[in-house]
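Remember, it's 1-based here, ligands and their atoms both numbered in the order they're listed. All heavy atoms count here, side chains included; hydrogens, waters and symmetry mates do not.
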Amino acid sequence: MNSIGKQVLNALKNEISEIDYQRYIRQLEFNENDSKSNLAVFHAPNPLIANWIRTKFADKISHLFEIKTGVRPAVSIVVKTSTAATPHNVAVAVPSERPSGGSLLNPSYTFQNFVIGGSNQFAYISAKAVSEKPGIVYNPLFIYGGVGLGKTHLMQAVGNVMLSEGKTVIYTSVEQFLNDFLRHLNNKTMDRFKDKYRKCDLLLIDDIQFLSGKNQLQEEFFHTFEALRNENKQIIITSDKHPKKIGGIEERLISRFEWGLVADIQPPELETKIEIIKKKCEINRVKLDRDVINYVATIIENNTREIEGILSKLNAYSQLMGVDITIEFARNVLKEQMAEKRSNITIDLIMDTVAKELNVKSSEIRSKSRNSNIVYARRIAIYLSRSLTPNSMPQLAQYFGMKDHTAVSHTMKKIQELMKNDEDFRIKIEELSNKVSTVTDE
Ligand code: ADP
Ligand code: MG
């Protein structure tokens, strides 16, 4: 008779696409010895597949167990270690049913695995300092920036350091905090709720912008915040915007968010993206040539979150087909998805978009005019060309009729500085960047 694990995987086959099954689920092995009625343990061949299954299928697997056994187990996907274990390939074991109100940290979100670049070094240094002196240096630490720039990674890096020191760490989203709050309110167990959130050593609240408009929850969070701070317990908060820009949040909370340190993360430069991809390859034990890495860097734009999806896809296809990942192979695999639109971004397209949005002519952008509007548009066009196309600085210098690459580099710094100091400007640039990317979709 098939083991229960096998039965569940067979049942799962009927619920998901054939491709997903072949690519991911087929590679799972049920570990009967380590499993219990409330814990189902599977082995995956590498962390990529483990991660993917964890996010996409763990809930389904857990549910199928429930149907067959009546008990809904936590699902643990453990990486089978054939080579010597490094800290990265040990295990990604996340139960699909998380302990209510807080979830486990991603063990690969460490400082060691975080690539430092100009765009994120301030946030990195701040988080590092907090991990060394929690509750003392900056409390709270407030990290903000666009999607996929590493906010969650950094806050969990602090969490992982403190966990390893035996401290109590709670990581939660606003939604989880809310659910937990309502549950305890319903069950009349608010003292337990307070105990939990006010007695931890580190409270990580991710994406606080979702607190906007939730007045009762803000009230509760305010008291949690006060209690923790009075005890010198560390609080780290992330958001997609600066505290002042979130809106719909009580003034007294906003001012407290700014009490400690507010650190921003900017979109990574191409070089940083390349380093992040290399890091992800290393962690996931995927081998990519330099030209493939560069290619992936140019298509991922600013959201580094896409990297793992892309690596997983490349890896799965190459394993399935038994071929190496060459640049042609990568282009082919990624083409249908998102690659096409991104690799279609050209300087000309950027020029057209910038010209239209800023009301200047694209011929003027390339001219030597010192008119301030035109200089402004030119700088933005150069910045976007450097961020969104694979052109090198010397190539851009030539295109824009500048003396040499140092002039381009100077412009890049100038724009980055502006983006850092001027939130509205940053948003404007992000909008332009999105416009350029979506034009190529049509
Ligand atoms: P955010 O919370 O800002 O939306 P995440 O922290 O979820 O972004 O990051 C998205 C993905 O990109 C994660 O896999 C994370 O590990 C990775 N990542 C982002 N920035 C870096 C970096 N500087 N070094 C290494 N990985 C990074
Ligand atoms: Mg996040």
Side-chain angles (χ1 to χ4, degrees), residues 46-52 54-56 87-89 92 94 102-128 131 141-161 171-177 204-211 236-242 246 262-286 288 293 296-297 299-313 315 338 387 416 419 426-427 430 434:
N46 64 39
L48 264 178
I49 292 188
N51 259 329
W52 203 248
R54 190 182 110 213
T55 40
K56 280 191 74 172
H88 315 312
N89 62 15
V92 189
V94 173
S103 41
L104 299 181
L105 302 178
N106 184 330
S108 77
Y109 286 180
T110 59
F111 285 115
Q112 202 189 353
N113 286 344
F114 193 82
V115 173
I116 310 162
S119 54
N120 60 34
Q121 69 180 4
F122 183 60
Y124 172 88
I125 292 167
S126 315
K128 197 87 199 335
S131 76
L141 172 63
F142 190 102
I143 303 173
Y144 75 97
V147 176
L149 301 186
K151 301 183 296 293
T152 301
H153 185 137
L154 265 187
M155 75 166 8
Q156 291 205 3
V158 180
N160 278 316
V161 168
Y171 168 80
T172 182
S173 63
V174 169
E175 194 197 353
Q176 281 175 343
F177 187 69
L204 306 171
I205 303 241
D206 213 353
D207 291 314
I208 197 88
Q209 70 271 14
F210 294 118
L211 202 58
I236 305 181
I237 301 166
T238 68
S239 163
D240 64 344
K241 298 180 202 74
H242 187 279
I246 300 176
V262 177
D264 66 326
I265 304 191
Q266 299 290 334
E269 296 137 47
L270 193 65
E271 284 75 11
T272 310
K273 282 190 223 173
I274 290 173
E275 290 308 313
I276 295 176
I277 296 168
K278 284 188 187 156
K279 195 63 151 191
K280 291 283 175 199
C281 286
E282 185 188 310
I283 296 169
N284 294 303
R285 285 180 277 151
V286 174
L288 290 188
I293 292 179
V296 173
I299 64 173
I300 57 166
E301 233 178 281
N302 289 334
N303 185 350
T304 26
R305 214 172 272 178
E306 293 171 29
I307 295 175
E308 274 174 332
I310 291 181
L311 293 188
S312 153
K313 196 162 184 182
N315 195 40
M338 69 257 271
S387 316
Q416 275 151 5
M419 282 174 77
R426 170 173 75 91
I427 291 168
E430 278 167 8
N434 285 338

- Message: By the side-chain hydrogen bond (donor to acceptor under 3.5 Å, both in side chains) test, which pairs, at least two apart or in different chains, include something from residues 263-272?
- Response: Asp264-Gln266, Glu271-Arg386
- Message: Would you compute the distance between atom CG of Asn160 and atom OH of Tyr109 and round it to the nearest 0.5 angstrom?
- Response: 11.0 Å
- Test salt bridge (Lys or Arg N to Asp or Glu O under 4.0 Å) applied to Lys279 - qualifying residues, sequence neighbours left out: none
- Side-chain (Lys151) to main-chain (Gly146) donor-acceptor, under 3.5 angstrom: yes
- Item | Heavy-atom closest contact (Ala263 atom, Ser126 atom, distance) | CB-OG, 4.0 Å
- Task: Could you name all protein N, O or S atoms found under 2.8 Å from the Mg ion (ligand 2)?
- Result: Thr152 OG1
- Task: Ignoring hydrogens and angles, tell me if any N or O in the side chain of Asn284 forms a donor-acceptor pair with the backbone of Lys280 under 3.5 Å.
- Result: yes
- Chi angles and distances behind the side-chain contact (heavy atoms from CB on, under 4.5 Å) call for Ile265, Ile143: CA-CA 7 Å; Ile265 304 191; Ile143 303 173; 3.9 Å; yes
- Task: First locate atom CD of Glu275, then atom CD1 of Ile277, and finally report the distance between them rounded to the nearest 0.5 Å.
- Result: 9.5 Å
- Message: Which protein residues come within less than 4.0 angstrom of ligand 1, counting heavy atoms only?
- Response: Tyr109, Asn113, Phe114, Val115, Asn120, Gly146, Val147, Gly148, Leu149, Gly150, Lys151, Thr152, His153, Ile276, Lys280, Thr304, Arg305, Glu308
- Can you tell me if Asp207 uses its side chain to pair, donor with acceptor, with the backbone of Gln209 under 3.5 Å? no
